[in-house]
Amino acid sequence: MDVSYILDGLNDAQREAVAAPKNNLLILAGAGSGKTRVLVHRIAWLMEIEHLSPASIMAVTFTNKAAKEMRGRIEQMLDIPARGMWFGTFHGIAHRLLRTHWRDAQLPENFQILDSDDQLRIVKRIMRELNVDDSRWPPKQVQSFINSQKDEGLRAAHLPPVHSIYDKTMAMLYQAYEQQCQQSGMVDFGELLLRSHEIWLNNPALLSHYQERLSYLLVDEFQDTNTIQYAWLRVLAGDKIPIMVVGDDDQSIYGWRGAKIENIQQFQNDFQHAQVVRLEQNYRSTSTILSAANTLIANNGNRLGKQLWTDGNDGEPIDLYAAFNEQDEANYIADRVSAWSQNGRMRSEAAILYRSNAQSRVLEESLIRQAIPYRIFGGLRFYDRQEIRNAVAYLRLVYYRHDDAAFERVVNVPPRGVGNKSVSDLRARAREQSTSLWQATVERLQLGLIKGKAATTLTHFIDMIDGFSIEQENLSLSQLTEQILAESRLLEHHAGEKGEKGQARKENLLELINATKDYEPEDDSVSPLSEFIAQAALDAGERQAEEHEDSVQLMTLHTAKGLEFPLVLMAGMEEGLFPHQMSMEDPVRLEEERRLCYVGVTRAMEQLVMTYAEARRLYGQEKFHPVSRFIREIPTDLIQEVRLKNTISRPVSFSHSSSFSIEEDAPAFHLGQLVAHKKFGEGTVLNYEGKGPHARIQVMFPEHGNKWLVLSYAKLTPL
DNA sequence: CCCCTACTGATCCAC
DNA sequence: TCAGTAGGGG
């Protein structure tokens, strides 16, 4: 059999990985080293050469997007539908397991997945019921406590004995939350993993069933696995199934959500005889950019160690621009993008990256002012939008009447006169009888215990949902959705919201109908409705209204991971912003910040531009942050400080007060003037700010770059 | 039920 | 600074 198409075009390391024996395998894949390619070719190899059946291969990723991409590329390469193959996220696969083995998992057959919003509502409700003061214990904090325990694989019963009032309160709430979920058959994200891990542990026969059925595991982005995911893989693999993990410890940037970089370091100890392959040849960036990345990341300790290289050329130096303030920074960035597109390049080839979302506003304003189309990546998940969640809640109710979270969400949306009082009444009833809200409502209506307007509207609501269920028989999922949106008047309700919001929400709802069209009845036995509901919880839905106009991409450094752009602009390279204030003290977290910077730098293919602002308004105050240490960690010969053009002009927005003038504060100096400093030599005045003893002046020294100097100390001589 | 005001708090975010 | 929200009054 001709296998050349599997190995052709791969470099030696890639080939070694793809054609490795069917053993444990750790692939350390540097940025831009062809990681996905290796994964896809490896699967092809396993099927074609090792003759593994699709159904015996499981490939795990972190996002649905990655899973979809991998599946698509396999199908394309082998020209067969990757049917029966286990492609998915940890959570997606765990969900599938629980759905199959719901009895072993002690779950109702149609258990529901809680997303974080549902989860928060439940936490709030429990706190109300237990009379826990929510100003002292913020529900969000409780929620994140619960989730991080689950990430660590700990149930309430597993928590070590605790003494502080904080720990006791959290443990008590965790326990109550667990009970509530179990009682109403609801499963949150962490629970999917926890529960499927447990059914394997408690049920050796079931575990060996899977161990016999599967003959190879592959895991992408292994550096992002958390404790429970790692445990899950270890149990499943046992010493039965060989596993290949692919990752890059230098790109581990999700420690704050439970990822354990140690997992990738631990792999060789826990999985016997693992072969290690390093993919270090980079096909993405110029060697200038790679050198910068390499020296930067070398400042971290405890690395598994990799050195990226390329046989490409040096390319352009890294541009560094010291802005007066964040406005000036934004203008400069917009100028660069505009110059880029005037040079005939696509705007979509350029990305503006920043550490925190708050930075995007100023950038957007500049882009708007210069009429440069842009697109913000990330932001709210499609399925997290209010209107979408409402619509999905209707679908959930149609599918499963006892879904309390869904019931609560839409019983009064659009407003139909079922007030807080009625609902809390029903809640109390439901709790007394240990039934669902739906059940309680139906019973109380039958007994005539609900009076007045609430009675009529609730009856109508119940009948409406029942009606949808009946109609569902004859309708496709999209028709059903359309019907629900119309008859419940949800579409009308959202469309009528004031401002542009109404229009946007209407469009999103229409987009939802569109999305349901992928779920028309097939030969599958599972209902499209339940399929769709599960995916609404498990899939972010990359359905941001797609702009077809050529636009610059704006995103945080985190969301940029995995992407690449010919031109990358990194904004806000200042201490306190990046590395972020909250991560500066702790060396462990500081290293994660550095990895994040490494991720940013390695996104750039041809040109990297970094900017920082000497002064920045932050939380209403003007801050002066020094340039980021990460910039100082890049060799200076790779960096070129951008000089201003000879026409020096101050951004209008910069003046602190209108009465400000050169003559008053710095009579001897004016913009563009040549001055001498005893240490830095001759330079040109670029800017100034402040008054009296605080007045500062910015001077560009050819030998030493841009400096802000305090006038009263600097002892500058005009020339 | 809706709107206005007062207050809070503020990285990164997939499932 | 400002965005998001909780609570009171119309």
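Naming: A, B, ... by sequence-line order, numbering from 1 per chain.
- Rounded to whole Å, the distance from CD1 on I113(A) to P on dC15(B) is 12 Å.
- Using the six-membered ring where Trp is involved, F222(A) and F267(A) have ring planes that are perpendicular, over 60° apart on the 30 and 60° scheme.
- Applying the 4.0 Å criterion to OP1 and OP2 of dA14(B), one finds that N64(A) has every side-chain N and O outside that range.
- Counting non-hydrogen atoms under 4.0 angstrom, N357(A) reaches the backbone sugars and phosphates but no base.
- With distances taken from any side-chain atom of R361(A) to the nucleotides dC2(C), dA14(B), dT11(B), the minimum falls on dC2(C).
- Between the side chains of Q119(A) and N147(A), a donor-acceptor pair is found at a separation under 3.5 Å.
- The residue Y619(A) sits close to a base: some heavy atom pair falls under 4.0 Å.
- Rounded to an integer number of Å, the gap from CG of D586(A) to P of dC12(B) is 18 Å.
- Counting heavy-atom neighbours within 6.0 Å of D117(A) CG, excluding the residue itself, gives a total above 12.
- Side-chain contact annotation: R409(A) with N390(A), donor-acceptor N/O pair under 3.5 Å present.
- Taking atom CG on N412(A) and atom P on dC1(B), their separation rounds to 4 Å, with Å as the unit.
- The distance between atom CE of M127(A) and atom P of dA6(C), rounded to the nearest whole Å, is 13 Å.
- Counting non-hydrogen atoms under 4.0 angstrom, D115(A) reaches nothing in the nucleic acid.
- Going from atom NZ of K561(A) over to atom P of dT11(B) covers 21 Å, rounded to whole Å.
- When the C1' atom of dC12(B) is taken as reference, atom CG of L353(A) falls 13 Å away, rounded to whole Å.
- Among the nucleotides dC12(B), dA14(B), dT11(B), the one closest to the side chain of R381(A) is dA14(B).
- The 12-atom threshold is not exceeded at CZ of R489(A), counting heavy atoms of other residues, nucleotides or ligands nearer than 6.0 Å.
- At a cut-off of 3.5 angstrom, counting only N and O atoms as typed in the model, there is a donor on one side and an acceptor on the other between the side-chain of R355(A) and the base of dT11(B).
- The side chain of R257(A) sits closest to dA14(B) out of dA14(B), dC15(B), dC12(B).
- The nearest whole Å value for the distance from the CZ atom in F578(A) to the P atom in dC12(B) is 13 Å.
- Look at the C1' atom in both dA3(C) and dA14(B): the space between them is 24 Å, to the nearest Å.
- Summarising the geometry, the separation between CZ on R616(A) and C1' on dT11(B) is reported as 14 Å, rounded to the nearest angstrom.
- Residues L538(A) and V418(A) each lie close to DNA chain B; by heavy-atom proximity, the contact nearer the 5' end of the strand is made by V418(A).
- Comparing atom distances between the K124(A) side chain and each of dC13(B), dC15(B), dA6(C) picks out dA6(C) as nearest.
- The side chain of T63(A) has dC15(B) as its nearest neighbour among dC15(B), dT1(C), dT11(B).
- For the pair R589(A) (side chain) and M582(A) (backbone), a donor-acceptor distance under 3.5 Å is present.
- Taking 4.0 angstrom as the limit, S583(A) places none of its side-chain polar atoms (N or O) nearer than this to OP1 or OP2 of dT11(B).
- The aromatic ring of H580(A) sits over the base of dT11(B), with ring centres less than 5.5 Å apart and planes inclined by under 30°.
- As judged by a 4.0 angstrom heavy-atom cut-off over every strand, D134(A) is placed among residues making no nucleic acid contact.
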